[in-house]
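Data first, discussion second: the structure below is written as structure tokens.
All ligand and atom numbering here is 1-based and tracks the order in the structure.
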Amino acid sequence: MADRVEIFDTTLRDGEQSPGASMNVHEKLEMARQLERLGVDIIEAGFPIASEQEFQGVRKIAETVRAPRIAALARSVPKDIERAAAALEPAERPVLHTFIATSDIHLEHKLRMSREQVLGAVAEAVGLAKRLVGRVEFSAEDATRSDLDFLVEVAKTALAAGADVINLPDTVGYTTPVEIERMFAYVIEKTPGADQAVFSSHNHNDLGLAVANALAAVRGGARQVECTVNGIGERAGNTSLEELVMAMRTRHDVYPYTTGIVSEEINNSSRLLSNITGLVIPYNKPVVGRNAFAHEAGIHQHGMIANKATYEIMTPESVGRARSELVLGKHSGRHGLARRCADMGFDLSETELTQLYGKFIELADRKKEVFEDDLRVLIASMRDESFETYRLRQLRVSGSDPAMALVKLSRGGAEFVETATGDGPVHSACMAIERITGVVGTLTEFSVRAATPGKDALGEAHVTVEFDGRPTTGTGGSTDIVEAAVQAYVNALNKFLALQSTREDAAAAAQGT
Ligand code: KIV
Ligand code: ZN
């Protein structure tokens with residue numbers, strides 16, 4: 001059996017289902033381009049039937065991104081499959097991914113279908129998908145809690161109907177490494193024609209076992225793994241791409257498999273996703289967390305000076321982290337800035353570069369050394385400005401109990417100013433924004449941390465705001481932490497408004513208006 005494992009990235013589909021992680025079409029496209037640089041084999045771009053925005057996101061990625069295959073998800077029903085096929089239409093190498101649950105608990109309580117009916121639905125769905133799109137992946141949802149012999153029947157039926165990939169997901173994060181390795185080995189051995197198909201593993205991290213289970217599935221015969229950058233996803237998340245890939249590299253003696261991942265792009269991918277979604281990377285997250293390569297204990301530092309291999313099992317360079325320590329200053333110039341942004345994977349237009357350069361000089365005046373992470377925060381703050389959205393023009397706060405804020409926002413050509421009082425500077429500024437926009441939001445989470453080392457660091461603010469009961473994340477950056485927080489609030493507000501307008505468009509289209 002070949003030792004190449006294909007990486008199916010579902011950051012933009014299952015990952016985006018993390019509460020608060022929703023991305024607009026532009027953000028999805030930006031992330032998809034970075035996934036292409038990262039070298040993933042397949043990008044699952046979305047679930048087109050779910051909304052107009054999802055449909056447009058898949059379509060835009062299918063039009064633009066060429067190196068990886070582009071996949072779209074559909075339940076095993078004709079309207080989903082037809083919608084997914086339409087979204088994939090511009091793709092050079094599309095994959096239609098259709099699924100239905102196979103565990104008795106799902107059959108009885110969710111689908112209210114018998115096993116025979118499920119087999120019939122598999123045959124019909126895969127058959128239709130195959131007629132519309134060249135390559136089909138079939139997923140047996142909740143496979144790890146399904147009867148093994150029924151799974152074999154399901155795989156047999158899907159293959160007979162034309163499936164190219166059979167995915168056996170651990171939908172609820174329940175299985176263990178020993179069990180999942182056996183499951184793959186069993187289903188592959190018992191399914192006629194299994195050698196003509198690719199078997200895939202898709203794991204959730206409810207028990208913290210997603211990466212271990214994916215590695216075990218590969219030992220059992222899976223040759224495709226579905227994962228997300230930073231492990232984002234429903235509940236506790238999905239298999240973390242960077243952990244899986246670096247485990248295979250670092251312990252190649254135990255996992256003698258290869259992937260097409262350009263590991264030096266891992267850091268760029270991880271940081272970009274965090275900036276877009278506002279989902280903070282835990283400091284101790286393997287591979288990409290701030291502390292993942294930090295050696296605090298004196299005895300470790302002593303060993304590292306003598307020989308890095310004493311305490312370092314992989315190098316920061318191998319995941320693209322060493323370069324991020326190099327600083328830029330005022331004298332780096334526009335060309336230096338442009339080159340660094342290109343190395344970081346940002347494809348900026350001349351206008352964007354001019355705008356960034358202005359912000360960069362302003363920051364370099366306030367703080368001597370500018371790091372890559374500072375640039376990421378500046379670029380994230382510019383992302384908003386390219387849309388018809390609110391922009392923070394001025395913020396003045398005074399006092400603390402109560403605090404008073406004056407906020408000036410612009411939208412299109414118009415400017416709006418309001419003042420309000422509140423329990424603190426951030427609260428009063430949010431109240432002023434509410435007066436301007438008429439949109440009521442509840443700030444449910446708020447954190448500020450230094451983007452880079454040093455007392456003069458740029459503060460990176462992350463907020464979660466509930467608008468209309470929907471958690472929406474936002475990010476902002478400034479050397480003034482109140483300003484960073486208010487920018488993050490405006491960023492969340494803009495995301496909510498963009499989502500709302502695509503929903504309204506979809507409703508209008510549905511009514512034929
Ligand atoms: O977790 C799951 O079962 C899924 C499928 C749709 C593949 O995400
Ligand atoms: Zn999933």
Side-chain angles (χ1 to χ4, degrees), residues 6-19 21-22 40-51 54 58 69-77 80-81 83-84 87-88 95-107 109-111 118 121-122 125-126 129 135-146 150-151 154-155 158 163-175 179-180 183-184 187 197-211 213-214 217 222 224-241 244:
E6 300 227 303
I7 299 296
F8 176 110
D9 183 279
T10 185
T11 306
L12 300 176
R13 198 279 297 169
D14 220 353
E16 208 225 5
Q17 287 174 217
S18 309
S22 69
V40 307
D41 298 286
I42 301 114
I43 293 176
E44 186 165 47
F47 189 13
I49 195 78
S51 69
E54 280 282 292
V58 174
R69 295 179 194 275
I70 308 298
L73 186 68
R75 288 168 300 183
S76 288
V77 290
D80 279 37
I81 294 169
R83 189 83 175 135
L88 287 171
V95 181
L96 203 143
H97 178 192
T98 186
F99 72 100
I100 192 166
T102 52
S103 64
D104 288 337
I105 187 165
H106 277 235
L107 264 61
H109 299 285
K110 187 180 84 173
L111 299 175
V118 167
V122 171
V126 173
R135 192 171 170 86
V136 177
E137 167 166 332
F138 171 76
S139 285
E141 190 190 10
D142 206 17
T144 52
R145 293 193 300 168
S146 302
F150 182 54
L151 270 187
V154 169
D164 303 277
V165 181
I166 303 291
N167 184 33
L168 304 179
D170 184 28
T171 304
V172 291
Y174 178 74
T175 197
E179 201 173 69
I180 198 170
M183 177 184 79
F184 273 91
V187 176
V198 175
F199 277 76
S200 175
S201 183
H202 172 115
N203 299 285
H204 282 266
N205 204 29
D206 299 67
L207 294 174
L209 291 172
V211 172
N213 286 337
Q224 175 178 293
V225 175
E226 308 198 352
C227 36
T228 61
V229 172
N230 296 341
I232 68 165
E234 290 248 272
R235 309 183 306 277
N238 288 51
T239 303
S240 164
L241 182 150
L244 177 92

Check: Residues in side-chain hydrogen bond (donor to acceptor under 3.5 Å, both in side chains) with Thr171, at least two apart?
Finding: none
Margin query: As a quick check of understanding, evaluate side chain to side chain donor-acceptor pair (under 3.5 Å) for Asp14 and Asn238, giving each step before the final call.
Written below: CA-CA 8 Å; Asp14 220 353; Asn238 288 51; 3.0 Å; yes
Checklist line | CG-OG1 distance between Asp142 and Thr102, expressed to the nearest 0.5 angstrom | finding: 6.5 Å
Item checked: All side-chain hydrogen bond (donor to acceptor under 3.5 Å, both in side chains) counterparts of Thr175, not counting sequence neighbours -> Glu179
Next item on the list: Determine whether Glu6 and Val165 make a side-chain contact, defined as any pair of heavy atoms from C-beta on separated by less than 4.5 Å.
Entry: no
Note to self: I'd like to know whether Glu226 forms a salt bridge (charged side-chain N to carboxylate O under 4.0 Å, His left out) with Arg13, so could you lay out the CA-CA distance, the side-chain angles of the two residues, the decisive distance to 0.1 Å, and finally the verdict.
What the structure shows: CA-CA 11 Å; Glu226 308 198 352; Arg13 198 279 297 169; 5.4 Å; no
Check: Got a second to check how far Asn213's CG is from Asn205's CG, nearest 0.5 Å?
Finding: 9.0 Å
Check: Are more than 12 heavy atoms from other residues, nucleotides or ligands located less than 6.0 Å from atom CZ of Phe150?
Finding: yes
Checklist line | Contact residues of ligand 1 (heavy atom under 4.0 Å), by chain and number | finding: Arg13, Asp14, His97, Phe99, Ser139, Glu141, Asn167, Pro169, Thr171, His202, His204
Notebook entry, point to check: What count do you get for protein N/O/S atoms less than 2.8 Å from the Zn ion (ligand 2)?
Noted result: 3
Note to self: With rounding to the nearest 0.5 angstrom, report the CZ to CG distance, Arg135 to Leu88.
What the structure shows: 13.0 Å
